[in-house]
J.: 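Sharing a structure below in C-alpha cells format, with a few things to ask.
Reckoned from all heavy atoms, side chains included, excluding hydrogens, waters and symmetry mates. All residue numbers in this chain count up from 1 along the given sequence.
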Amino acid sequence: MFVSIYLPPRMDRIIHSSSISSSSTMAANPQTHFLFITYPMQSHINPALHLAKHFATTTGATVTFSTTIFAHRRMFSSTTNSDKGFNDGLITYLPFSDGLDGEDYKLTTMDSKEYFSLFRTNSKRNVSILLNDLATSGRPVKCIVYTLLLDWVVDIAGEHGIPSVLYWIQAATVFGTYYHFFHGFECLIKAHADDPSFPVCFPGLPPLQIRDLPSFLTDTEADGIYATILDSFRELFKILDGKQEKKMKKPKVLINTFQEWETVALASFSNEVEAIPVGHLPKEYTNSVAGYLFREDEKKYMEWLDTKEEGSVVYISFGSVSMMKKEQMEEIVKALKESKRPYLWVVRKDNREEELLEIEEGEDGMVVEWCSQVKVLAHRAVGCFVTHCGWNSTLESLVCGVPHWTDQAMNAKLVET
C-alpha cells in the first residue's frame, strides 16, 4: 500500500521559537531575515530547503539559504557562475567555503573524519564573514536556523548577537534516543553494543533493541568518523542543556515530524525540551530551486510512468550516500525479474554497474541516475517503494525498506510499528 503524508506546520509557534515576533508582525516587517545553514548532504539540504521555502511563502520574511560552495555549485550546475549567489524570486542562496571547494573529491568523502575537522574550522570562519557581509549590505540576519552536525553555528550566532534555533531533521524518536543516551544510558548501550537483541527501555519510548538504535550510538571504534559525529551530537545536547540552565526554561527545537505519528516520542522528552513538530513539507514550488546535488536524469521517466497501470510500478531508490555492492544489485535484479512488475530504479552515476543495468533495462524497467522523488511517489502508477529508510524518504511514503546506517534502522522500526 502507498500512502502520501502531508501536515502543514504551525508557523506561529515556529516564529515564536526564534524569539523574534509573531507571523503577523513579520508580514508587516520585510526586514525580518532568516538564515538557514545546512550541512552539504542531500538528506540535510532537502528538509532545510523545504522549511526555508515555507518560511518565505507564509511569513513575508526575507530568507537566505546557505551551504558549502561545493554543494551550492552542484545545486546550480546548470547556471553560469554557479559558485555565486542566486535568487529564485523566493529565496536568496549564498554559499560559504569549507576550504574544499573543488570538484576533485566525492560526496562520499563528507563522512570522513578529516573532512569533518576541516569543515568545522573553515566554515566557522567563513559563515562569520557571511554574516558580516549581510549586515554591511543592509540585510542583517535576525535568526539562524541550523541543522545537524553544525553545533558550531551557535557560537557564531552568539558572537554576532543573533538568536539561533536547531532544526532536527530526523524523527522525534531518534531525538529522544539521543537525548536519553546522553542523559544516563550511554554506558549501558556501549556495554551491550555488540548484542543486537539486547533490550533498551528509554523513559516514555516503546521498547527497543540495540539493533534499532542509530548506528552512531553503537559503533565501538573510539577514533573513527562515527565517534567524531557522535561528539557533534553530544555538543548539540550540551547546548540545549546550557540553554535550559541559563534561561531556566525549556529550549525550543524544530523537529521534522508531525504530532499524529510520533505523539509518544514527542511526549517522552517534553519536560526537558519544547519540541515543535513542523510537519512534512513535500510541496513543489513553481520556479523555485529543487536543491538536487545530482543532475536530474533526462530520461522521460514521468511520461514512462504515465504508460503504466495504477499501482503497478516498483520504485527503488537508496538515497544519495548508500553504495550498493554488485552482489546486492544482482539480488535486486533477481527480485525484480521474479516480481514481474515494471520498475523505476534510481542508481547514481557513482554506483553503477553498467553491464548489469544495461542488460536489464527495457520496456518494463527504467534506470535513472536521479529523479524528483516527490513527483514519482505522487504518481498513480507507483505501488511499491523500496528504500534505504532515510527519514526524508520515510516521510514521503510509508515504505518497504532496506536500512543501512545512522538513523535508518529506527526509521524502519517506526514504519513497522
J.: Taking atom CZ of Phe116 and atom OG1 of Thr228, what is their separation to the nearest 0.5 Å?
T.: 7.5 Å

J.: Tell me if a side-chain donor or acceptor on Thr59 pairs with a main-chain N or O of Ala56 at a distance below 3.5 Å.
T.: no

J.: Is the closest side-chain heavy-atom distance between Gln170 and Leu148 below 4.5 Å?
T.: yes

J.: Where is the tightest heavy-atom contact between Ala71 and Pro40, given as atom of each residue plus distance?
T.: CB-CB, 3.7 Å

J.: Compare all side-chain heavy atoms of Ile144 with those of Leu131 and state whether any distance is below 4.5 angstrom.
T.: yes

J.: Check the pair Val153, Val127 against side-chain contact (heavy atoms from CB on, under 4.5 Å), reporting the backbone distance first and the verdict last.
T.: CA-CA 8 Å; Val153 168; Val127 167; 5.6 Å; no

J.: When the ring planes of Phe34 and Phe55 are compared, do they come out parallel, tilted or perpendicular, using 30° and 60° as the limits?
T.: perpendicular

J.: Taking atom types as modelled, is there a side-chain donor on Asp98 or Ser123 under 3.5 Å from an acceptor on the other?
T.: no

J.: State, with a plain yes or no, whether a side-chain heavy atom of Met329 is found less than 4.5 Å away from one of Val333.
T.: no

J.: Exactly one of Thr68, Leu100, Leu149 should register a side chain to side chain contact (heavy atoms under 4.5 Å, CB included) with Phe119. Which one does?
T.: Thr68

J.: Does any N or O in the side chain of His44 come within less than 3.5 Å of the main-chain N or O of Thr38, such that one atom is a donor and the other an acceptor?
T.: no

J.: Would Ile316 and Leu336 count as a side-chain contact (heavy atoms from CB on, under 4.5 Å) here? Give the steps.
T.: CA-CA 10 Å; Ile316 308 168; Leu336 290 171; 3.7 Å; yes

J.: For Leu230 and Leu217, work out which heavy atoms get closest and say how close.
T.: CD1-CD2, 3.6 Å

J.: Rounded to the nearest 0.5 Å, how far apart are CG of Asp194 and NE2 of His192?
T.: 10.5 Å

J.: Going by an N to O cut-off under 4.0 Å, is there a salt bridge joining Arg120 and Glu235?
T.: no

J.: Look only at the side chain of Thr121 and the backbone of Ser117, and say whether a donor-acceptor pair between them is shorter than 3.5 Å.
T.: yes

J.: Ignoring hydrogens and angles, tell me if any N or O in the side chain of Asn122 forms a donor-acceptor pair with the backbone of Leu118 under 3.5 Å.
T.: yes

J.: Tell me whether Lys250 contacts the main-chain N or O of Ser270 through its side chain, where contact means a donor paired with an acceptor under 3.5 Å.
T.: yes

J.: Indicate whether any N or O donor in one side chain lies under 3.5 Å from an N or O acceptor in the other, for Asn256 and His50.
T.: no

J.: Is the backbone N or O of Lys124 less than 3.5 Å from a side-chain atom of Ser128, with the two atoms forming a donor-acceptor pair by type?
T.: no

J.: Given the side-chain rings of Trp168 and Phe233, with only the six-membered ring counted for Trp, is the space between their centroids under 6.0 Å?
T.: yes

J.: Within a strict 4.5 Å, meaning less than it, do heavy atoms of the Tyr292 and Gln373 side chains meet?
T.: no

J.: Mark yes or no for whether Gln209, through its side chain, and Asp195, through its backbone, hold a donor-acceptor pair below 3.5 Å.
T.: no

J.: Heavy-atom distance under 4.5 Å between the side chains of Trp152 and Leu150, does that happen here?
T.: yes

J.: Give a yes or no answer on whether the side chain of Ser66 reaches the backbone of Leu94 with a donor-acceptor pair at less than 3.5 Å.
T.: yes

J.: Give me the ring orientation class for Phe76 and His72: parallel if the planes are under 30° apart, tilted from 30 to 60°, perpendicular past 60°.
T.: tilted

J.: Of the non-hydrogen atoms in Tyr315 and Val382, which two are nearest, and what is the gap between them?
T.: CB-CG1, 4.0 Å

J.: Run the numbers on Trp391 and Val174 for side-chain contact (heavy atoms from CB on, under 4.5 Å), then give the verdict.
T.: CA-CA 10 Å; Trp391 188 235; Val174 177; over 6 Å; no

J.: For Ser43 and Asn392, does a side-chain donor sit closer than 3.5 Å to a side-chain acceptor?
T.: no

J.: Run Arg234 and Glu186 through salt bridge (Lys or Arg N to Asp or Glu O under 4.0 Å) and show every step you take.
T.: CA-CA 11 Å; Arg234 192 187 305 277; Glu186 183 170 0; 3.0 Å; yes

J.: What is the distance from atom CZ of Phe198 to atom CG of Leu208, rounded to the nearest 0.5 Å?
T.: 12.5 Å

J.: Centre-to-centre under 6.0 Å for Phe237 and Phe175, is that the case here?
T.: yes

J.: If you compare all heavy atoms of Asp151 against all heavy atoms of Ile239, which two are closest, and at what distance to 0.1 Å?
T.: O-CD1, 3.6 Å

J.: To the closest 0.5 Å, what do you measure between CH2 (Trp345) and CE (Met366)?
T.: 14.5 Å

J.: Is it the case that the side chain of Asp297 and the backbone of Glu369 share a donor-acceptor pair, with hydrogens and angles ignored and the cut-off at 3.5 Å?
T.: yes

J.: Flag the pair Phe202 / Thr173 as yes when at least one side-chain heavy-atom distance between them is below 4.5 Å, and no otherwise.
T.: no

J.: With a 4.5 Å heavy-atom cut-off, do Asn132 and His160 have their side chains touching?
T.: yes

J.: More than 12 foreign heavy atoms under 6.0 Å from CZ of Arg341: is that the case here?
T.: no

J.: Above 12 or not: heavy atoms from other molecules or residues under 6.0 Å from CZ of Arg295?
T.: no

J.: Parallel, tilted or perpendicular, judged at 30° and 60°: which one describes the rings of Tyr179 and Phe269?
T.: tilted

J.: Work out which heavy atom in Ile45 is nearest to a heavy atom in Gly291; give both atom names and the distance.
T.: CG2-O, 3.8 Å

J.: Are side-chain heavy atoms of Phe318 and Gln328 found at a separation under 4.5 Å?
T.: no

J.: Give the intermediate values and the outcome of side-chain contact (heavy atoms from CB on, under 4.5 Å) for residues Phe96 and Ile37.
T.: CA-CA 10 Å; Phe96 62 88; Ile37 301 180; 3.9 Å; yes

J.: Which heavy atom of Phe36 sits nearest a heavy atom of Ala48, and at what distance?
T.: CD2-O, 3.7 Å

J.: Please report the interatomic distance CG(Leu166) to CD1(Ile276), rounded to the nearest 0.5 Å.
T.: 11.0 Å

J.: Please tell me whether Tyr93 and Thr67 have a donor and an acceptor in their side chains that are separated by less than 3.5 angstrom.
T.: no

J.: Rounded to the nearest 0.5 Å, what's the gap from CD1 on Ile69 to OG on Ser97? Could you check?
T.: 4.5 Å

